[in-house]
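This report concerns only the one structure given below.
Protein chains get the first letters and strands the later ones, always in sequence-line order, with residue 1 at the start of each. As the structure is a prediction and not an experimental result, all values here were calculated from the model.
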2 protein chains.
Amino acid sequence: MRAATPESRRSSPAAVSAAEELIRATGARVTQGRILVLEVLQAAGRALTHHEIEAAVTGPLDRVTVYRVLDWLTRQQIAHKIPGDDRVWRFTIAGQKQAHHHAHFQCTDCSQVICLDDVPTTLRPRLPAGYRSAGVEVTVKGQCKACVRPAPRRVRR
Amino acid sequence: MRAATPESRRSSPAAVSAAEELIRATGARVTQGRILVLEVLQAAGRALTHHEIEAAVTGPLDRVTVYRVLDWLTRQQIAHKIPGDDRVWRFTIAGQKQAHHHAHFQCTDCSQVICLDDVPTTLRPRLPAGYRSAGVEVTVKGQCKACVRPAPRRVRR
DNA sequence: ACATCTTATGCAATCTTGTTGCGTTTGTTC
DNA sequence: GAACAAACGCAACAAGATTGCATAAGATGT
Ligand SMILES: [Mn+2]
Ligand SMILES: [Mn+2]
Ligand SMILES: [Zn+2]
Ligand SMILES: [Zn+2]
């Protein structure tokens, strides 16, 4: 809150990270786990699996805690939780503009997911009587940059 | 193949069911498991989970066999395999017209899936350089008829 | 700085969905 | 019916995710 706690050991630019700020704004506790996981998500340019997040976090953080932090971030709408064709959840930070209507790309080879922020999902599909629409999800299937190469390699998860 | 077989609408044990016909046409073996599972899918008006199919099959049929039959039906393109937000695959028979481009509806409350045959999925999203599109999947999220009622009940799987 | 209260965490156990290996049964062809 | 390959049943396995509970750590007030 107040200006500067003298915290300059870090090579990172901000004394209080953007992640920390975001978490504090929710009113909930600002914990190490939440900061670390959110920073990983913010640094990634794509959707990450639980495994990838756990591996990317600096220092030890329990598997279950990562699950719980991700669940919390999703409930706070700070993160997106995306189901994949490999039955693995992936998570991204939820930018402001991409709040509701945006599409995803998922690679049919390695299952990686990225957000396609500029794809308009303005369909208005006709539903059967009694059904209520709350939004449309568009997922482009195909090959990502890495997998479109001559010898498509199966990325190990 | 020819027009000949008149569709008897009887649900009584037919001499040769439509399911049996379809399976035989693939050239593979016409087994009890395949017939039973396919008949269940044909009778259902929506996408079914492995659990639902196993329960709906008359007589004992091993869990694993149901998985293998569903996998076979999918490879034969007789069935669709649809990923759900609850990490559970669902299966529908693949009608002729809905062969490739059609949308799905998934209920945010009970996770049920139905096919929306008449929704055009004609978007052509712009992908990052190097990415290759192989099709677009459109899923409408919302509440199904059962869950849109005054007291939305969580359907137990 | 300390005491206190609340919430989040670590760890083990458990659950759920789906897969694999292998010996036995069944469908098809001759 | 015999022979052969394909499919099946069963048990074990695997991976992702969840739950229960004792302990640790964040927040708040003094
Ligand atoms: Mn997204
Ligand atoms: Mn379908
Ligand atoms: Zn890929
Ligand atoms: Zn529903």
Side-chain angles (χ1 to χ4, degrees), chain A residues 1-2 5 7 16 19-38 47-55 57 59-76 78-79 81-91 111 113 154-157, chain B residues 16-17 19-21 23-38 47-55 57 59-76 78-79 81-91 111 113 154-157:
Chain A
M1 267 316 198
R2 207 51 60 97
T5 39
E7 171 179 356
V16 173
E20 207 166 325
E21 203 82 15
L22 236 173
I23 296 164
R24 196 173 308 277
T26 68
R29 285 190 187 174
V30 181
T31 67
Q32 276 309 302
R34 285 172 183 170
I35 295 171
L36 291 171
V37 168
L38 182 49
L48 300 181
T49 64
H50 171 271
H51 266 314
E52 293 172 319
I53 294 165
E54 197 187 355
V57 161
L61 191 62
D62 192 77
R63 217 166 58 80
V64 176
T65 302
V66 174
Y67 276 118
R68 290 198 266 230
V69 167
L70 289 170
D71 187 47
W72 180 83
L73 288 171
T74 302
R75 285 199 314 274
Q76 299 301 315
I78 293 174
K81 185 178 184 180
I82 307 168
D85 278 4
D86 54 358
R87 291 177 25 89
V88 175
W89 294 115
R90 285 177 174 75
F91 299 84
S111 290
V113 174
R154 222 95 186 170
V155 170
R156 195 161 317 282
R157 261 191 305 97
Chain B
V16 172
S17 72
E20 207 167 326
E21 201 83 15
I23 296 164
R24 196 173 306 278
T26 67
R29 287 193 184 171
V30 182
T31 68
Q32 277 309 302
R34 286 173 181 169
I35 296 171
L36 290 172
V37 169
L38 183 48
L48 300 181
T49 63
H50 171 270
H51 266 315
E52 294 171 318
I53 293 164
E54 198 188 354
V57 161
L61 191 61
D62 192 76
R63 215 167 60 83
V64 176
T65 302
V66 173
Y67 275 119
R68 290 198 266 231
V69 166
L70 289 171
D71 186 48
W72 180 84
L73 288 171
T74 303
R75 286 198 315 274
Q76 298 302 315
I78 293 174
K81 185 178 184 179
I82 307 167
D85 279 2
D86 53 359
R87 288 177 26 91
V88 174
W89 294 113
R90 286 177 174 74
F91 298 84
S111 290
V113 173
R154 224 93 186 171
V155 170
R156 195 162 315 281
R157 260 191 304 103

Between C1' of dT17(C) and CZ of Phe91(B), the distance in whole Å: 11 Å
Protein-nucleotide distance (Arg75(A), atom CZ; dT18(D), atom P), rounded to Å: 11 Å
Sugar-phosphate only, base, or nothing, as touched by Trp72(A) at under 4.0 Å among non-hydrogen atoms: nothing
Separation of atom CG in Asp62(A) from atom P in dA24(D), rounded to whole Å: 14 Å
Rounded distance (Å) that lies between atom C1' of dA14(D) and atom CG of Asp86(A): 15 Å
Integer-rounded Å distance: dA25(D) P and Leu61(A) CG: 13 Å
Note, Asp62(B) side chain near Tyr67(B) side chain (heavy atom, < 4.5 Å): no
Nucleotide dA7(D), atom C1' - distance to CD1 of Ile35(B) in whole Å: 13 Å
Length of the CG-P vector between Leu36(A) and dG10(C), whole Å: 10 Å
Side-chain donor/acceptor of Arg63(B) to base of dG18(C), under 3.5 Å: yes
Audit row: Arg63(A), His50(A), side-chain contact (heavy atoms from CB on, under 4.5 Å) steps and yes/no: CA-CA 8 Å; Arg63(A) 217 166 58 80; His50(A) 171 271; 3.6 Å; yes
Rounded distance (nearest 0.5 Å) linking atom CG of Leu38(B) with atom CD1 of Ile78(B): 6.0 Å
Distance, nearest 0.5 Å, that separates CZ of Arg68(B) from OG1 of Thr65(B): 6.0 Å
Contact under 4.0 Å: His50(B) side-chain N or O vs dT17(C) OP1/OP2: no
Most 5' of Thr65(A) and Lys81(B) on DNA chain C, judged by nearest nucleotide: Thr65(A)
Euclidean distance, Thr74(A) OG1 relative to Trp89(A) CH2, rounded to 0.5 Å: 9.5 Å
Closest heavy-atom pair and its distance - Trp72(A), Ile23(A): CH2-CG2, 3.9 Å
Residue whose closest nucleotide on DNA chain D lies nearer the 5' end, Arg87(B) versus Pro60(B): Pro60(B)
Distance test, side-chain N/O of Tyr67(A) to OP1/OP2 of dT18(D), below 4.0 Å: no
Any donor-acceptor pair under 3.5 Å from Arg87(B) side chain to Arg87(A) backbone: yes
Atom-to-atom span, NE2 of His51(A) to P of dA14(D) - whole angstrom: 14 Å
Under 4.0 Å protein heavy-atom contact, by nucleotide of nucleotides 21-30 of chain C - B base, S sugar-phosphate only: B----BBS--
